[in-house]
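Working notes, structure below.
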Amino acid sequence: MLKTGLCSVTFRKLSPEEIIHIVETSGLEAIEWGTDVHLTLQKSTAYIQSIKEKCRKAGIETPSLGTYYRLNESPLAYFKSCIKIADQIGAHQLRIWGGNKSPKDITHSDWKKYVQETQMLCDVAGENNKSVHVELHEKTLTESETAAIQLINEVNKPNLYCYWQPLWIRSQSANISALKQLSDHISNVHVFQWDEHQRYPLEQGCSTWLTYFQKLEPSNTPTYAYLEFVKRDNVNQFYKDAEILKKLALHYR
């Protein structure tokens, strides 16, 4: 089953309360909260729990937290603080970034360190009933499907997954190939329509995204498809994109 949601980082200038309102009125089902602006380490437990309650009253799920933890950069203490935030908001998935280097720029020794660090994160997350989700992104360890699969296999932890998103640096056929190879490991998907130069209405990529969703294995369909960024950061465009996403998700109900 494929559910729909919004990454809060799409609207960094909006308050959590405003984001809850637009998600509720759009008919999307979930919010992936980010720790960079909306649910930072500086927010009090009482405030975060109040946001959780407002989401509950609005019928909005809060399954995942975008931690902005980067492998080989962020301290373990930060990751543990993110676990506390996840507990407070009710999230069980922790999204992280695979450092800031492409696989081709990483030495064999450094690769081992990445593997060991990811194993440690999975262990810490597992002790707190959480899972770890590496984002596929250019200029990170998981820029390619080959590197992502290698990392997952070598880490060898049952609570390690990856988010999938199309990379603008690759062709549609290359993105489809990556999606098919990674399908068994994909937890969620970030949905957007853009290229190197600009963002577009999601409607312009409707057929492309339908193709992407069709390539997911039925038994491993991601739980959530999150809208991430819209043209000109415009709320009205968000509502239009949300309608398109809901129609696409209907195929997988």
Side-chain angles (χ1 to χ4, degrees), residues 1-12 14 16 19-20 22-24 26-41 43 47-49 51-56 58-71 74 78-98 118 121-122 124-137 140 142 148 152 157-165 182-183 185-192 213 216 220-230 238 242 245-246 249 252:
M1 182 176 180
L2 186 62
K3 295 186 177 182
T4 60
L6 173 71
C7 291
S8 73
V9 298
T10 302
F11 294 108
R12 286 188 168 97
L14 297 185
I19 288 174
I20 291 170
I22 66 171
V23 170
E24 180 183 13
S26 73
L28 298 185
E29 297 161 283
I31 297 174
E32 179 186 87
W33 292 104
T35 60
D36 60 336
V37 173
H38 296 114
L39 299 187
T40 66
L41 271 58
K43 301 291 186 182
Y47 177 75
I48 295 175
Q49 290 180 339
I51 294 301
K52 177 184 178 181
E53 179 61 15
K54 288 174 182 176
C55 286
R56 186 193 66 78
I60 297 171
E61 300 174 42
T62 57
S64 53
L65 187 72
T67 70
Y68 290 88
Y69 180 100
R70 282 187 182 268
L71 294 174
S74 304
Y78 173 69
F79 186 74
K80 290 181 177 180
S81 295
C82 289
I83 289 177
K84 291 181 181 179
I85 294 174
D87 282 336
Q88 292 159 7
I89 197 66
H92 58 275
Q93 301 174 335
L94 301 167
R95 176 169 58 89
I96 68 170
W97 282 54
T118 307
L121 296 181
C122 288
V124 173
E127 291 169 0
N128 292 273
N129 299 311
K130 303 286 188 290
S131 51
V132 177
H133 304 249
V134 183
E135 180 168 356
L136 302 182
H137 204 284
T140 71
T142 47
I152 291 170
K157 296 290 182 179
N159 61 335
L160 177 62
Y161 304 89
C162 65
Y163 273 42
W164 183 82
Q165 63 186 37
L182 285 164
S183 185
H185 308 292
I186 295 171
S187 55
N188 301 315
V189 173
H190 279 166
V191 179
F192 49 76
F213 288 158
L216 293 165
N220 293 297
T221 302
T223 307
Y224 298 93
Y226 290 112
L227 278 175
E228 186 186 39
F229 304 118
V230 298
F238 158 72
L245 180 59
K246 288 189 294 183
Y252 304 92

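Just so it is clear, the structure is predicted and the values come from calculations on it, not from any experiment. Nothing fancy with the numbering, it's 1 onward along the sequence.
- You'll find the side chain of D87 reaches within 4.5 Å of the side chain of K130, heavy atoms only.
- Residues H92 and N129 fail the side-chain proximity criterion, which asks for heavy atoms closer than 4.5 Å.
- Residues L71 and L121 have side chains in contact (heavy-atom distance under 4.5 Å, counting atoms from C-beta outward).
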CA sep, side-chain torsions, deciding dist, call: Q165, H137, side-chain contact (heavy atoms from CB on, under 4.5 Å) | CA-CA 8 Å; Q165 63 186 37; H137 204 284; 3.4 Å; yes
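- In this structure, OG1 in T67 is found 10.0 Å from CG in D36, a value given to the nearest 0.5 Å.
- Side-chain contact between H190 and E135 is present, with at least one heavy-atom pair separated by less than 4.5 Å.
- Looking only at distances, no side-chain donor or acceptor of T62 sits under 3.5 Å from a matching main-chain atom of A91.
- Under the side-chain contact (heavy atoms from CB on, under 4.5 Å) criterion, K80 pairs with L76, V124, not counting sequence neighbours.
- In this structure, CZ on F192 lies 13.0 Å from CG on L245, to the nearest 0.5 angstrom.
- Exactly one of N159, T223, N188 qualifies for a side chain to side chain donor-acceptor pair (under 3.5 Å) with Q93. That residue is N188.
- A donor-acceptor pair under 3.5 Å is absent between the side-chain atoms of T142 and the main chain of A148, judged by distance alone.
- C7 is not listed as a side-chain neighbour of L227, based on a closest heavy-atom distance of 4.5 Å or more.
- The two residues L6 and T10 come nearest to each other via the heavy atoms CD1-OG1, 3.6 Å.
- Note that CG of L39 and CD1 of I48 are 5.5 Å apart. Values are rounded to the nearest 0.5 Å.
- Here the shortest heavy-atom pairing between P16 and I51 reads CB-CD1, 3.6 Å.
- Of all heavy-atom pairs between R12 and Y68, the closest is NH2-OH, 3.6 Å.
- Residues H133 and S187 come closest through the heavy atom pair ND1-OG, 2.7 Å.
- In this structure, W33 and H38 have perpendicular ring planes: the angle between them is above 60°, well past the 30° mark.
- Using modelled atom types, no side-chain atom of Y78 and backbone atom of L41 make a donor-acceptor pair closer than 3.5 Å.
- Residue I152 holds its CD1 atom at 5.0 Å from NE2 of H185, rounded to the nearest 0.5 Å.
- With hydrogens and angles left out, the side-chain atoms of Y224 and E61 include a donor and acceptor closer than 3.5 Å.
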Can you list the steps and then say if C162 with I186 is a side-chain contact (heavy atoms from CB on, under 4.5 Å)?
-> CA-CA 5 Å; C162 65; I186 295 171; 4.1 Å; yes
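- With values rounded to the nearest 0.5 angstrom, N128 atom CG is found 10.0 Å from K84 atom NZ.
- Using a 4.5 Å heavy-atom threshold, the side chains of V9 and Y226 count as separate.
- Looking only at side-chain heavy atoms (C-beta outward), K157 and T118 stay at 4.5 Å or farther from each other.
- Put simply, the side chain of S64 never gets that close to the backbone of E32: no donor and acceptor are under 3.5 Å apart.
- The nearest pair of heavy atoms linking L94 to A86 is CD2-CB, 3.7 Å.
- Across all their heavy atoms, C82 and L65 have their closest contact at O-CD2, 3.3 Å.
- The salt bridge (Lys or Arg N to Asp or Glu O under 4.0 Å) test applied to E228 returns no partner, not counting sequence neighbours.
- Judged by the 6.0 Å and 45° rule, R95 forms no cation-pi pair with Y69.
- Relative ring orientation between F11 and F238 is described as perpendicular, the plane-to-plane angle rising above 60° on a 0-90° scale split at 30° and 60°.
- Under a 3.5 Å cut-off, the side chain of E29 and the backbone N or O of T4 do form a donor-acceptor pair.
- Residues V189 and L2 have side chains not in contact (no heavy-atom distance under 4.5 Å, counting atoms from C-beta outward).
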